[in-house]
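Below: the structure, in structure tokens.
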Amino acid sequence: NIFLNIMYKYSLQILIFIVVAIVIVIAVIVLKDVIGKNKVTSIENKFSGTGTKEDAYQISKVEDLITFFINLNQGESYKDQYFILNTSLDFQDDNSYLNPQDTSFGDLNNDGQIDNIKQELTTGKVFIKVEKNNKKEKDNKEIVFEGNFNGNGKTINNLLMDVPEDQVVDSIGLFRNNSGTIQDLKVVAKIFIPNVEGRTADIGVIAGKNSGTIQKCKVEGEIVANTEDANNTITVAGIVGENTGTILDSSSDVDITANYLKAGIVAKNVNSGDSENSGVITNCTNNGYINELENTEQYTAGIVAINEKGKITNCTNNGKLEGKLVGGIVGTSTGEIIACINTGDISNLKTESDDTEIAGGIVGILDNTTIENCKNTGKVKGL
């Protein structure tokens, strides 16, 4: 009887151990499955058209647009392929979706759960995430759009980019990093950047960086990037954060509040010397209000904050500008500024002066700059 009691006791413990082990294994399998389903991974292109210039891929619903951007953010450059936006799309409007209740796109808004596509794109931390196992990221290659996107005069409305704190990317904008051609597109967006230490980012509604061509594009909305860490390197602008390409015939009605380098069209415009069209901005207009909440040593401008040997022609700023170091057209320049007009009021912040404030109707600081046929009619108020 003693032997049987001992066997029974240990058999019961072994049985309990086996049951617990099975439960743990099942839990791990289920967790892996959930994580796998929540990942935003590359998906099959199902666009109408063949992607040629004569038969461009058709973007007709939000699902088409999200397929495009998911694959772009997973490393598909769409080099030499053509897209056309057939109709205006509004992320808040059910009619813009093929099926607003579709859950197959996964956790687009990074809240840890899968909701329908409309809810994913209009709530929470909305930003199509770059997966950590992305091959392009492993190879340290930038994610770049190298195709041709024709907005066809249509609008992408209610785009929300409330960037998660753990999402560290260099280029924040609809197309991230453009070296192709984006034309005839209007985007209405809100972009919010969290206060994270050690962040490096170029921020613009159309793209964070541009080395290609952006033409006849309009942007509206709001950008807020009030990070406080002095080690952050951030550029903020309505169209593009940093430009080494060409931007033509475009306008911004984006209100910007940022404690870093900021401007209506481009924050940093650089002539890289690679071509005649490097660092070129022509026929562009800013109507947005641009300001900083506290004095910083970063430039504020209507068109370009820092112009490094770039060429700015026939541009106009109508927006009100407030900042410690501010210029109606350009904050500081070593390039060309030709036939530009500022009508916006300019002022330093209303704080105690330390005698380092700068305010200029056209340019804040000149350094071997060419200025021709420019005009200021805005009020300039300096401390």
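Ring pair Phe175/Phe68 is perpendicular by interplanar angle, where above 60° counts as perpendicular and below 30° as parallel. Between Phe47 and Phe83, the ring planes lie perpendicular to each other; the angle is over 60°, past the 30° to 60° tilted range.
Under the 4.5 Å side-chain criterion, counting only non-hydrogen atoms from C-beta, Thr300 is not in contact with Asn291. By the 4.5 Å heavy-atom criterion applied to side chains, Asn210 and Val266 are not counted as neighbours. With contacts defined as side-chain heavy-atom distances shorter than 4.5 Å, the pair Thr122/Asn158 does not qualify. Annotation: side chain of Ser250 is in contact with side chain of Ile214 (closest heavy-atom distance under 4.5 Å). Side-chain contact check for Thr334 versus Asn368: every heavy-atom pair is 4.5 Å or farther apart. Two residues are said to be in side-chain contact when any heavy atoms from C-beta on lie closer than 4.5 Å; Phe192 and Glu222 meet this criterion. Residues Cys284 and Ile239 fail the side-chain proximity criterion, which asks for heavy atoms closer than 4.5 Å. The shortest distance between side-chain heavy atoms of Tyr97 and Leu121 falls below 4.5 Å.
Distance check, rounded to the nearest 0.5 Å: CD1 of Ile337 to CD1 of Ile303 gives 10.5 Å. Atoms CZ and CD, on Phe145 and Gln81 in that order, are 9.0 Å from each other to the nearest 0.5 Å. Going from atom OG of Ser60 over to atom NZ of Lys154 covers 10.5 Å, rounded to the nearest 0.5 Å. Separating the CD atom in Glu336 from the CD atom in Glu372 is a distance of 7.0 Å, to the nearest 0.5 Å. Remark: Leu98 CG to Lys61 NZ distance equals 7.0 Å, nearest 0.5 Å. Between the CD1 atom of Ile312 and the OG1 atom of Thr370 there is a distance of 12.0 Å, given to the nearest 0.5 Å.
Under a hydrophobic-cluster definition in which Ile, Leu, Val, Met, Phe, Trp and Tyr are linked whenever side-chain heavy atoms come within less than 4.5 Å, directly or via other members, Ile338 and Val363 are assigned to different clusters. Grouping the Ile, Leu, Val, Met, Phe, Trp and Tyr side chains by contacts below 4.5 angstrom, directly or via other members, places Phe149 with Met161. Val188 and Ile223 fall into different hydrophobic clusters, where Ile, Leu, Val, Met, Phe, Trp and Tyr are joined by side-chain heavy atoms under 4.5 Å apart, directly or via other members. Leu174 and Tyr82 sit in two unconnected hydrophobic clusters of ILVMFWY residues. Membership requires side-chain heavy atoms under 4.5 Å apart, directly or through other members. Residues Ile346 and Tyr289 do not share a hydrophobic cluster, clusters being chains of Ile/Leu/Val/Met/Phe/Trp/Tyr side chains in contact below 4.5 Å.
Partner of Asp202 under the side chain to side chain donor-acceptor pair (under 3.5 Å) criterion, chosen from Thr235, Thr233, Asn243: Thr235. A side-chain contact (heavy atoms from CB on, under 4.5 Å) with Val205 is found for exactly one of Ile172, Val219, Val240, namely Val219.
At a threshold of 4.0 Å, the pair Lys324-Glu292 does not count as salt-bridged, since none of the basic side-chain nitrogens sits closer than that to a carboxylate oxygen. For the pair Lys320 and Glu322, the salt-bridge criterion is met [side-chain N within less than 4.0 Å of a carboxylate O].
Other residues sharing a hydrophobic cluster with Val270 under the 4.5 Å side-chain heavy-atom criterion for ILVMFWY residues do not exist; the residue is a singleton. Grouping Ile, Leu, Val, Met, Phe, Trp and Tyr residues whose side-chain heavy atoms lie under 4.5 Å apart, directly or via other members, places Ile358 in a hydrophobic cluster with Leu261, Tyr299, Ile306, Leu325, Ile365.
Panel note: side chain Glu76, backbone Asn71; no donor-acceptor pair is recorded below 3.5 Å. Listed for the Asn152 side chain is no donor-acceptor partner under 3.5 Å among the backbone atoms of Ile84. At distances below 3.5 Å, at least one donor-acceptor pair connects side-chain atoms of Asn348 with backbone N or O atoms of Gly323. Listed for the Ser275 side chain is a donor-acceptor partner under 3.5 Å among the backbone atoms of Asn277. Listed for the Asp107 side chain is a donor-acceptor partner under 3.5 Å among the backbone atoms of Gly112.
Residues passing the side chain to side chain donor-acceptor pair (under 3.5 Å) test with Ser272, sequence neighbours excluded: Asp274, Ser278. Contacts of Phe91 classified as ring pair (Phe, Tyr, Trp, His ring centres under 6.0 Å), with partners at least two apart in sequence or in another chain: none. Scanning for side chain to side chain donor-acceptor pair (under 3.5 Å) contacts around Asn318 gives Asn287, Thr343, with sequence neighbours left out. When the side-chain contact (heavy atoms from CB on, under 4.5 Å) test is applied to Asp184, the partners found at least two apart in sequence or on another chain are Asn150, Lys216.
Contact between Thr123 and Gln119 at its shortest, heavy atoms only, is OG1-O, 2.6 Å. Asn177 and Ser171 make their closest contact through CB-OG, 4.2 Å (heavy atoms, listed as atom of the first residue, atom of the second, distance). Smallest separation of non-hydrogen atoms from Gly335 and Thr369: O-CG2, 3.1 Å. Scanning both residues, Ala359 and Lys381, for their nearest heavy atoms gives CB-O, 4.3 Å. Scanning all heavy atoms of the two residues, the minimum distance from Leu65 to Ile156 falls at CD2-CD1, 3.9 Å. In terms of heavy atoms, Thr285 sits closest to Ile265 at O-CD1, 3.5 Å.
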If you apply the rule side chain to side chain contact (heavy atoms under 4.5 Å, CB included), what do you find for Val330 with Asn269, and how did you get there? CA-CA 10 Å; Val330 178; Asn269 187 51; over 6 Å; no
Does Lys46 form a side chain to side chain contact (heavy atoms under 4.5 Å, CB included) with Thr67? I'd like the steps, not just the answer. CA-CA 8 Å; Lys46 294 183 179 179; Thr67 296; over 6 Å; no
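No hydrogens or angles considered: nothing links the side chains of Asp90 and Ser96 as a donor-acceptor pair under 3.5 Å. For the residue pair Gln58 and Ser48, no side-chain donor N or O sits within less than 3.5 Å of a side-chain acceptor on the partner. Judged by distance alone, the side chains of Ser104 and Asp102 do bring a donor and an acceptor atom under 3.5 Å apart.
For Lys118, the NZ atom sits in a packed shell: over 12 heavy atoms of surrounding residues, nucleotides or ligands are nearer than 6.0 Å.
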